[in-house]
Amino acid sequence: MNKNDSSPFSDDFGLPAAKHNSLSARARASVSVQGYLTDLNEEQRRAVETLDGPVLVLAGAGTGKTRVLTTRIAHVIASGKARPFEILSVTFTNKAAREMKERVAGLIGPVAEGMQWLGTFHAIGTKILRRHAELVGLRSDFTILGVDDQLRLMKQVIEAERIDEKRWPARQLASIIDSWKNRGLTPAQVPPGEAGIFAQGKGAKLYEAYQERLKTLNAADFGDLLLECLRLWRENPDVLAQYQERFRYILVDEYQDTNVAQYLWLRLLAQTRKNICCVGDDDQSIYGWRGAEVDNILRFEHDFPGATVVRLERNYRSTGYILSAASHLIAQNQSRLGKTLRTEEEDGEKVTLTGAWDSEEEARLIGEEIEVLQNRKHALSEIAVLVRVSAQMREIEDRLVTLGVPYRVIGGPRFYERAEIRDALAYLRCTNSFYDDLAFERIVNVPKRGLGDATIQMLHNYARSTGVPLMEAARQMIETDELRPKPRQSLRDLLTSFSRWAKMAETMPQSEVAQTVLEESGYTEMWQKERTADAAGRLENLKEFVRSMEEFPDMQSFLEHVSLVMEANEGEGEDRVSLMTLHAAKGLEFDTVFLPGWEEGLFPNQRALDESGRAGLEEERRLAHVGLTRAKRRAKIYFASNRRIHGLWNSTVPSRFIDELPEGSVEVLDAPAHYSHQSRFDNAPAFSSSYGTPGWQRAQAYNNKKSDNHQSYRSQNSSTGRGAPIIEGKVIARSDNSGDASFAIGERTFHMKFGPGTVAGVDGNKITVDFDKAGRKMVLESFLQKNA
DNA sequence: GCGGGATAGTTTTTT
DNA sequence: ACTATCCCGC
């Protein structure tokens, strides 16, 4: 990021912790910090130096927000105002937490190890809850449920209430409860009007039942890790006071992503000392759909009167054109606090815009462009393709595979969410505790042991009526003859195994126990028998799982790590192109960024528009802004005129966001592919082989169009497709009527994909056509042919 | 209890 | 078009 990333005072801070606590060390340190501060720009410096009282830092993309946070922590410690364990520092992701810890360590040395309250909201919430578990009806060794456990539990609750699970799916209940938890609402606090939105008025009741079940199972879901903290503090002011006392300084990263529960959590903690510093960017708020409240930022000054607000507007990441494109775009949003990013970098390359016929061509163009960069020795790790929805990834992946360009997909299922990991985990949980019903249920018939629904149902009934856990129910039932001989024997064997493994766990290191459990249970064998490509990957994951256990002192701490932190790090450090969604890209940066799929309906996403109206559109626009600002030197936007959505071909129209880019910062490129078709025309064999293919016909249609229509969005005079002139004043897909409308309503026309039709409406170069076969569509004028 | 055909649902995602 | 999940017949 900044040029001064290597700390000039890291030597001074690389002191052993004990020595650092001496006054002279502090004095020396603070002198060094002064030196360090001079390398910050004026605003950054103000954000770091204003230690006392509430501070809100509005940090635009690439303005050095992490740098401010870490320097601020160093500054608090160096100035002697608080010791590392008296600083609360929260992030959203484990990755951000890890990075912050590393960077703080880079500034102050090993003392950073003392920052035990640096972590995600959830990790810190867990830590607090374990200390006071009994006050919220849990034991300190409570389990943290994953989504699958949650869903299974939710199903049981729905069934217990005799509600038809078909009509009222558990998924839906889960998301409703989740949103209540995001808003900090306990079952009793759910507004009466909302309590009934599920299953004819049973919503709140089911929520309550679910919470009760969690307590019986000694379990918490992710929402509880925050919500139960709130309850703990509200019901036990003395406990709250303890933490208010302890956390002398509070720092919050990505504040725009906090939901109401997190906001309340922070507010309770910050109430007394008010030394809270929140860093965020309203223009990068892209998680509204999962409960993030941009309002938290907007109401900061109201909640903390007299707060210092610092705006970081100097961008150290991107070149001029990219920044002006991003700024111009985001300026269209109404609800924002308003910042203007500026850079002292050169203008650099313009943002490019390329139209493709369809998504396949789009993928091909991106692939070709990546190859060009690769040939120029551009590091692949500095290239990213950012898509709106993961469904877009497949075609791009296919293309990269064909070209042999190494790539990595970021995001996707987390390591600990994969079935094999959850299964292995369930085995260990059962070994660890005979009370873990959810875990037992998960693996009781994995691998198949002939213990199907009927048997499980009997166990459930028995367990419920006698009030014992499932495993205990099983133990008792195998002594009766209620079960048929086969399942009875299976169950007996399984229980015997679990007691054997539990005994083993008392003396053996946990990784060996795990290895034994997975083998003796037949779990590993199950995957070995399945000779598919992904079975091999799963076995590999299991190995990694067992291996990673060795680093933990005991089973308990390992289980915690897995449920909260564990993640896969495949192909990290290798030179690969990154492929991910725009959401996953936040916080990252690349020299070159490809942005495919800028089409109405896809981006901005129709569903976001339908569900959230203007707010939805603005969030989509922020997403576009995030995408553009990931680029350091090159941003390349693409759109396709035809895209398959849910299997059906749709004609699409370029995104309105394209219209919102400043013309001077954008260069409209021809799709070079059209010219490669043209060049095949010159050598006969290639030509004849491609004659009659859709691609060739497309090229023909395009060329015809181009020669008789001067309003074509493609530039007229480029011959190579590279370095095409900018079309000043004619950004494509204008929605005003300034161009000559070359089609009249009622006119017959022909479209390569949809066939013949009648023009039903004209809006600039977007034409609405009633196709004889395909129905009404809006298409770009340049893909229509006039019918004689 | 298991495997194969019907069926529904497909934005974004962390913890 | 693709997939994950469900349901039924064996």
Side-chain angles (χ1 to χ4, degrees), chain A residues 90-97 119-126 144-148 150-151 155 165-166 169-172 175 178 181-182 220-227 253-254 257-259 261-262 285-292 359 386-395 410-417 419 444-457 484 486-487 490 560-567 580-587 597 601-612 616 619-620 622-624 626-627 643-650:
Chain A
V90 277
T91 62
F92 274 84
T93 64
N94 292 303
K95 191 166 165 240
T120 62
F121 276 101
H122 297 268
I124 291 169
T126 306
I144 299 163
L145 262 40
V147 274
D148 46 1
Q150 238 180 99
L151 230 49
K155 270 191 185 135
E165 219 264 333
K166 298 281 139 45
R171 287 196 151 280
Q172 196 188 338
S175 84
D178 199 47
K181 288 188 175 180
N182 284 160
D221 64 18
F222 281 115
D224 286 342
L225 299 178
L226 296 168
L227 192 61
D253 191 14
E254 305 278 18
D257 288 339
T258 49
N259 59 34
Q262 287 155 340
S285 161
I286 54 176
Y287 287 111
W289 50 273
R290 65 172 200 214
S359 46
L386 310 182
V387 297
R388 176 62 183 83
V389 301
S390 29
Q392 286 172 264
M393 288 192 201
R394 230 197 60 180
E395 271 178 308
I410 304 203
R414 301 275 156 285
F415 189 72
Y416 65 84
E417 270 173 25
V444 66
N445 202 29
V446 181
K448 305 261 189 287
R449 305 190 166 86
L451 298 170
D453 286 346
T455 315
I456 310 300
Q457 205 48 55
R484 290 170 175 280
K486 251 191 174 171
S490 272
E560 175 125 340
H561 177 257
V562 170
S563 51
L564 280 175
V565 203
M566 198 154 175
E567 52 198 296
M580 67 192 99
T581 63
L582 286 159
H583 285 89
K586 194 169 66 153
L602 178 61
F603 190 38
N605 190 272
Q606 193 56 47
R607 207 153 144 182
L609 262 39
D610 293 345
E611 281 167 22
S612 320
E619 183 154 311
E620 295 286 299
R622 290 194 290 270
L623 207 43
V626 166
R643 188 175 296 274
R644 219 166 13 187
I645 298 163
H646 308 324
L648 298 167
W649 279 100
N650 282 81

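Protein chains get the first letters and strands the later ones, always in sequence-line order, with residue 1 at the start of each. Values below: all heavy atoms of this structure, side chains included; hydrogens, waters and symmetry mates excluded.
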Nearest to side-chain heavy atoms of A:Val389, which nucleotide of B:dG3, B:dT12, B:dT15: B:dT12
Spacing of A:Lys448 atom NZ relative to B:dC2 atom P, expressed in whole Å: 5 Å
Donor-acceptor pair under 3.5 Å, A:Arg290 side chain vs B:dT12 base: no
Interatomic distance, A:Leu582 CG vs B:dT12 C1' [rounded to whole Å]: 9 Å
Phosphate OP1/OP2 of B:dC2 contacted by A:Asn445 side-chain N/O (<4.0 Å): yes
Contacts of type side-chain contact (heavy atoms from CB on, under 4.5 Å), residue A:Leu609, not counting sequence neighbours: A:Pro604, A:Gln606, A:Leu617, A:Arg656
Donor-acceptor contact below 3.5 Å, side chain A:Asn445 vs main chain A:Gly450: yes
Residues that A:Ala419 engages under side-chain contact (heavy atoms from CB on, under 4.5 Å), provided they are two or more places apart: A:Arg442, A:Arg538
Non-neighbouring partners of A:Val389 that pass side-chain contact (heavy atoms from CB on, under 4.5 Å), sequence neighbours left out: A:Ala391, A:Gln392, A:Leu602, A:Asn605
Contact state string [nucleotides 1-10 of chain C, B base, S sugar-phosphate only, - no protein heavy atom under 4.0 Å]: BS----S---
A:Met580 vs A:Leu386 side-chain heavy atoms within contact, under 4.5 Å: yes
Rounded distance (Å) that lies between atom C1' of B:dT10 and atom CZ of A:Arg388: 14 Å
Options B:dG1, B:dT13, B:dT15, nucleotide nearest the side-chain atoms of A:Tyr287: B:dT13
Side chain of A:Trp289 (C-beta onward), nearest among B:dC2, B:dT12, B:dT15: B:dT12
Length of the line joining A:Asn605:CG and B:dT10:C1', which is rounded to integer Å: 12 Å
P spacing across the pair C:dT5 / B:dT12, given as an integer number of angstrom: 16 Å
From B:dT12, B:dT15, B:dG1, nucleotide with atom closest to A:Ala454 side chain: B:dG1
B:dG1 OP1/OP2 closer than 4.0 Å to side-chain N/O of A:Thr455: yes
A:Gln172 CD - B:dA8 C1' separation (whole Å): 15 Å
Aromatic plane relationship, A:His583 with A:Tyr287 - under 30° parallel, 30 to 60° tilted, over 60° perpendicular: tilted
Atom-pair distance (CG on A:Asn650; P on B:dT10), nearest Å: 17 Å
Value in whole Å for how far the C1' atom of B:dT15 lies from CG of A:Leu227: 15 Å
side-chain contact (heavy atoms from CB on, under 4.5 Å) partners of A:Ala624, counting only residues at least two apart: A:Leu329, A:Trp598, A:Phe603, A:Phe657
Protein-nucleotide distance (A:Glu620, atom CD; B:dT12, atom C1'), rounded to Å: 8 Å
Residue list, salt bridge (Lys or Arg N to Asp or Glu O under 4.0 Å) with A:Glu619, at least two apart or on another chain: A:Arg622
Sugar-phosphate only, base, or nothing, as touched by A:Glu611 at under 4.0 Å among non-hydrogen atoms: base
5' priority, DNA chain B, between A:Ser390 and A:Leu451 [closest heavy atom]: A:Leu451
